[in-house]
Engineer: 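Could you have a look at this structure, given as structure tokens, before my questions?
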Amino acid sequence: MKRYFALAGALTMAVVLAGCGTGGTAPLPSSSSGVSTEITDEPVTLKVAYASEQPITPLTEGFTKLHPNVTFELIETPFADYQTSLKLAMASNDSPDIVQYSPAPMRAIVPAGLVQPLDAYADAYGWADKVPQSLLGIVTSNEDATRYGEGNLYALPGAVQMLGVFYNKSVTEAAGITDEPATLAEFEDDLGTLKDSGVTPLALPALATGGFQLWGALSNRLADPEVYSAWVYGDPGATLLDDPGFEEAAATIKDWADAGYMADGVSAVADPDAITELTSGQRAYFLTGNWNAKQLSDALGDDLGFFLFPGTEEDSPAVASGSGFPYSISAKSQNKDVAAAFLDYIVSEEAAQGVYDGGFIPIQPFEGDSEDVRGSIAASYKSVVAGEGITPFANWASSSMIDPLTAGIQGVISGNVTPRAYLESLQADWESNR
Amino acid sequence: MTSSGLRVGGRTEKGRPPARSLSLRRFFAAIAFVAPALIVYAAFSLWPAVNTLYYSALDWDGLNAAQWVGFDNYVRVFTDPELSNSILHSLVLAFFFAVVPIALGLLLAGLLTGSGTRGLSVFRVIYFLPQVVPLVAVGIAWRWLYAEEGPLNGLLNALGLGALAAPWLGQTQTALVALGLVGSWGMAGLCMMLFISGAQKIDSSLYEAAAMDGAGAFRRFLSVTLPGLRGEISIAAVITTIAALSSFDLIYVTTSGGPESATTVPGLLVYRLAFTYGRLGHAAALAVVLTVLILVFISVIRRITQEKE
């Protein structure tokens, strides 16, 4: 018996001791006075941490060409690990100068004061005129990182990622489809034509983000994109339940599933599987982001086509979900002016060619080769900026939203969850995180 | 418990004076020998475990100042309907990870211990192989096998059983059982290996005596082999049950808990809470509950399989 008391005592001690080492105190953000757009001639090395090799490598190489005294130490981490390690990296005394902004961990890092607010630099460099406002929403927030789209600017994008429909031309042409659809109704006709010809038209990786990204694309067309953006940004009182378009979007997915426009087992299809389905000719269409463009065009070459998800009317203004590849400056960086000069470079016209060559869309509208799929993606981006703009990804609405989104769409497809119940589960998660 | 502890100092009975210094010296010598392992164990196993206990009483995102919330996280754990579902799922998995492999392992061991079969070691290697391959790789391979247009459905179609073909991991009715069978496939080899080594130490005269009493092969298995393997079965049950209740990697790479949360397990929820939602306290509380649950199961298994004296 005595032994157990001793053990219990030791455990209690240890718990109390453990308490001494945690619950960090938040350092105050250093004041951003003394902002300068002139940078030093002394040799400077900037540490850059990121999850995606493109577009950062051509951007850093381009900047070093302009400023030979500035070199970069590049630290790449696979995306899933990047999400979990970013907090520790930013909190360490040896934090990187520049990090790729990732919304989920930044919900903790921004309130800790570890990210440099960029508003003074934005004024000095005039970034508001250089970068489309719709790309800055998700990197602009209040200091608690509870509300986006207004407040301090915490990052600047170096390239654009955007959703659109990739298609396999040899499959659509074999079914007698010669034009890209100009309206949603035309797209549904094409889906029906393909189905009748014996092809399951849609590759849909609903195991991961593919399912709710289709819902997002339909929502952008059937509901008000401003209501959607306000909801993702966490505007007080925002709701998906009042605009019937969101429910219609989910119901459309159910209709498409029932019509056989997607396979029965899409809830077990991962992104790499969907890529194979499209490139092997089993499927005709794949709604995904241009981050997959390089792999798709390597496999399909000239057979790969791209169009933006079509609207209800032929002249509906273009819209697409997407974001920049944003980069932030650490509040602990000793070289903030140099880092800010780099951020100014990544949104410039000089940087555009390198970003385009790497398979991404440059921030500055860019004339690509219209024969090439990269060119048609760049042209589509231009029309989006001229239209409704870029809307944020739905999973950014809260750090847990990705699970009700993924599971909910799987339920809508199987019929176990009604479109209304799906929206209510999203709204419940949204409210529990405010 | 025997009285062996009292006899440790038996040698010191002769001379009293050196007793204390000698036993003290022996004590420090013993500590010195244990220290390297103890330090590593304490730093990387005990300390994190104790820390987890502490975190479970905090509201903490891993970075900003933590707040002491007492048992609030535990209340949330027990009122969350998703948790009871995930525990239910892991109990279903326990059947496929523990009961099925032990039965299969006994069968395989019975087949592979008898003499006269050629290439015994080849079979042993084949059945043990799944245990050597990392579950992450295994999971991805099985995802392909189970795919709607994958080899398994292809085989069913070729056999004229196309009506049975299904997207195994893509529908709620089949996903959990399909994953459970992956576990059975992986764990059966381990159980077999344990049972084969256990069977080798059973005295062969027992078999001869049983045979002389007129026991057939099946009867000998039931009356000699099975009781002889009691210890191994207990170990196998403990290992496989832990694997089932704490499973994470297989689920993570195949279904991520889907479709529609049909395959969520506590381990996956801990990961989500800690690394996606940034709720470390809540995640720690769930981890503690999961640990207690596993301990309860192991105690029950050990009790059931304990030899009566």
Engineer: In Å and rounded to the nearest 0.5 Å, what is the CG to NZ distance from D61(B) to K87(A)?
Structural biologist: 5.5 Å

Engineer: So which part of E149(B) gets closer than 4.5 Å to some heavy atom of chain A, the side chain, the backbone, both or neither?
Structural biologist: side chain

Engineer: Quick one: what part of I413(A) sits under 4.5 Å from any heavy atom of chain B, side chain, backbone, both or neither?
Structural biologist: neither

Engineer: I need the minimum non-hydrogen distance between A270(A) and R143(B), along with the two atoms involved.
Structural biologist: CB-NH2, 3.4 Å

Engineer: Distance from F275(B) atom CZ to S399(A) atom OG, nearest 0.5 Å?
Structural biologist: 14.0 Å

Engineer: Scan L86(A), I109(A), V110(A) and name whichever one has a side chain to side chain contact (heavy atoms under 4.5 Å, CB included) with L63(B).
Structural biologist: I109(A)

Engineer: Return the option, out of L88(A), D403(A), N416(A), with the maximum number of heavy-atom pairs under 4.5 Å with chain B.
Structural biologist: D403(A)

Engineer: Write down the atom of G265(A), the atom of E148(B), and the distance for their closest heavy-atom approach.
Structural biologist: N-OE1, 2.7 Å

Engineer: Can you establish whether the number of heavy atoms outside E431(A) located under 6.0 Å from its atom CD is more than 12?
Structural biologist: yes

Engineer: Side chain from CB out, backbone as N, CA, C, O: work out which of these in E277(A) comes under 4.5 Å of a heavy atom of chain B, or both, or neither.
Structural biologist: neither

Engineer: Considering only heavy atoms, which portion of W144(B) lies under 4.5 Å from any heavy atom of chain A: side chain, backbone, both, or neither?
Structural biologist: side chain

Engineer: Side-chain contact, heavy-atom cut-off 4.5 Å: L207(A) with L169(B)?
Structural biologist: no

Engineer: Could you check which of T84(A), I409(A), D264(A), D273(A) has the highest count of heavy-atom pairs closer than 4.5 Å to chain B?
Structural biologist: D264(A)

Engineer: Between G170(B), G62(B), A166(B), which residue shows the highest count of heavy-atom pairs closer than 4.5 Å to chain A?
Structural biologist: G170(B)

Engineer: Heavy-atom cut-off 4.5 Å, strictly under: side chain, backbone, both or neither for T254(B) against chain A?
Structural biologist: backbone

Engineer: Between E260(B) and chain A, with a heavy-atom cut-off of 4.5 Å, which part of the residue counts as in contact: side chain, backbone, both or neither?
Structural biologist: both

Engineer: What pair of heavy atoms forms the shortest contact from Q410(A) to G258(B), and how long is it?
Structural biologist: OE1-CA, 3.8 Å

